[in-house]
Amino acid sequence: MNTKDKGFNTKLIHAGSFEDEFGSATVPIYQTSTFRFKNAQHGADCFSGKSNGFIYTRIANPTIRALEQTVAELENGYDGIATSSGMGAISTVYMALLGASQHIISSDAVYGPARGLLEQDFSRFNVEASFVNTSDSANILAALRPNTKVLYIETPANPTMNITDIAACAKIARDNNLLLVVDNTFSSPYLQKPLDFGADVVLHSVTKFINGHADIVGGIIVAKDPEIYKRIRHSMVYMGSNMDPTQAFMVIRGLKTLAIRIERAQQNAMEVAQFLLSHPKVAWIKYPGLKSHPQYDLAQKQMKGFGSMMSFGLKGGYEAGRKLMDNVHLAVLAVSLGGVETLIQHPASMTHAGMSQENKQSAGITDDLVRFSVGIEDVEDIISDLNESLKTI
Ligand code: LCS
């Protein structure tokens, strides 16, 4: 079925228009590393591009293609490239879009390794990187250099929940001949479609909302333009950062309930945020759905909903946060996010531990910051868990 003109939920179930010779109703796992050619000429034609048959799973595979085409349709992009992990997606995009003596401007608060990969690894190939608070466009303009090629933003950002204006960044990118890449992991295409605001590339850790069940790791990249798509696919195939067919099958399965999972989780998140906002032991809370969030208006403009991620600090600082994390029972003390279960973690000593103290401070990843990923449990139970744990402080 062609789902181009259909609604988001219909796309979640039917996009990708998968068909096979057996009439499978769902996408099967094509667990094969290689594909038999009909004859030598067919093999040569597959390699030259005259025939579009499958060749080898690192290059393409029917299960993986079904996921790629589905997510590309959800993001209103040209086509998708699935990767082994979210970091596989990020490293593949850096590899495809950056070269020696070129410069990238990135949000200062991004998933720790996305920054560390530029600072510690791509720097060895003379790729230059600046990290600025992209919530203020003036910082981006001030960081521009003649060799700047890529503007990379994460919005909402992990773990500060800073929001960056995608349309304003797209204008800066157009005016200065840059490519705009958006990590859309925290929103998923259900809440935010960066390509519609003028971004060139959108990527995800599908480990999070897209798969949604905390049982696989994976990534995906969607490009708006066929030429950029080809450059990124080339890097994926040559670096071998491909997804595996079973991983793709799991993600396709999880993806079908994306909208209903997010609707429920963000409904819970709003109640949790209000509970924390009014709790006497809470010093501050950042949730895009609260009017106190500095970019609340922008969140309303570019997101369809406020999602289920939030960060907060307790009046007792890190020590109090540690006590909170040690005394919750329903919330799982673990990294990752965007699954059906509620998770709690401490970015400064966990997900962002690899960043220098100075970079953490300037990016707003303070020692007291606790990150909370709200799941789809009964909200009364999530709040009561927090409430009981806060009593121990
Ligand atoms: N982008 C964002 C925004 C992320 O939060 C993560 C992982 C990645 C990319 C990388 O994806 P992965 O390779 O793990 O699939 N974020 C994590 C986090 O906050 N806790 O554990 C992983």
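Values below: every heavy atom of this structure, side chains too, minus hydrogens, waters and symmetry copies. Keep in mind it's a predicted model, so treat the numbers as computed, not measured. Just so you know, ligand 1 is whichever comes first in the structure, and atom 1 is the first atom listed for that ligand.
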Practice problem: Among all protein heavy atoms, pick out the one at the shortest distance from atom 21 (O) of ligand 1; state its residue, atom name and that distance to 0.1 Å. | Solution: Ser336 N, 2.9 Å
Quiz prompt | Residue, atom name and distance, where the atom is the protein heavy atom closest to atom 19 (O) of ligand 1 | solution = Arg371 NH1, 2.6 Å
Practice problem: Do me a favour and list the nearest non-hydrogen protein atom to atom 5 (O) of ligand 1 with residue, atom name and distance? | Solution: Asn158 ND2, 2.9 Å
Exercise. Provide, to 0.1 Å, the distance between atom 17 (C) of ligand 1 and the closest protein heavy atom, together with that atom's residue and name.
Key: Tyr111 CE1, 3.3 Å
Practice problem: Could you say whether the N/O atoms of Glu154 and ligand 1 ever approach to under 3.5 Å? | Solution: no
Quiz item: Strictly under 4.0 Å, does any heavy atom of Ile90 approach an atom of ligand 1?
Solution: yes
Quiz item: Can you find an N or O of Met87 that's nearer than 3.5 Å to an N or O of ligand 1?
Solution: yes
Quiz item: Counting from 1, what ligand 1 atoms have a heavy atom of Thr351 closer than 4.0 Å?
Solution: 18 (C), 19 (O), 20 (N), 21 (O)
Quiz item: How does Val206 reach ligand 1, if at all, at less than 4.0 Å between non-hydrogen atoms: by side chain, backbone, both, or neither?
Solution: neither
Quiz item: Is there a nitrogen or oxygen of Gly86 sitting under 3.5 Å from a nitrogen or oxygen of ligand 1?
Solution: yes
Quiz prompt | Side chain, backbone, both or neither: the part of Val110 lying under 4.0 Å from ligand 1 by heavy atom | solution = neither
Quiz item: Is the centre of the Phe209 ring less than 6.0 Å from the centre of the His204 ring?
Solution: no
Self-check item: Proximity of Tyr152 and Tyr94 rings by center, below 6.0 Å
Solution: yes
Quiz item: For the side-chain contact (heavy atoms from CB on, under 4.5 Å) test, which of Asn139, Leu118, Ile105, Asn359 pairs with Phe131?
Solution: Leu118
Quiz prompt | Lys301 and Asp297 ion-paired at < 4.0 Å | solution = no
Quiz item: For atom 2 (C) of ligand 1, what is the nearest protein heavy atom, given as residue, atom name and distance?
Solution: Asp183 OD2, 3.4 Å
Exercise. Describe, in one word, how the ring planes of Phe37 and His42 are oriented to each other, choosing from parallel (under 30°), tilted (30 to 60°) and perpendicular (over 60°).
Key: perpendicular
Quiz item: With atoms numbered from 1 as shown, which atoms in ligand 1 lie under 4.0 angstrom from a non-hydrogen atom of Ser85?
Solution: 13 (O), 15 (O)
Practice problem: Mind running salt bridge (charged side-chain N to carboxylate O under 4.0 Å, His left out) on Asp79 and Arg65 for me, showing each step along the way? | Solution: CA-CA 10 Å; Asp79 207 340; Arg65 286 299 291 143; 2.8 Å; yes
Quiz item: Do the ring planes of Tyr229 and Tyr78 sit parallel (below 30°), tilted (30 to 60°) or perpendicular (above 60°)?
Solution: perpendicular
Practice problem: Looking only at protein heavy atoms, identify the closest one to atom 14 (O) of ligand 1 and say how far it is in Å. | Solution: Lys208 NZ, 3.6 Å
Exercise. Give me the ring orientation class for Tyr238 and His234: parallel if the planes are under 30° apart, tilted from 30 to 60°, perpendicular past 60°.
Key: tilted
Practice problem: Could you tell me if any non-hydrogen atom of Gly112 lies under 4.0 Å from any atom of ligand 1? | Solution: no
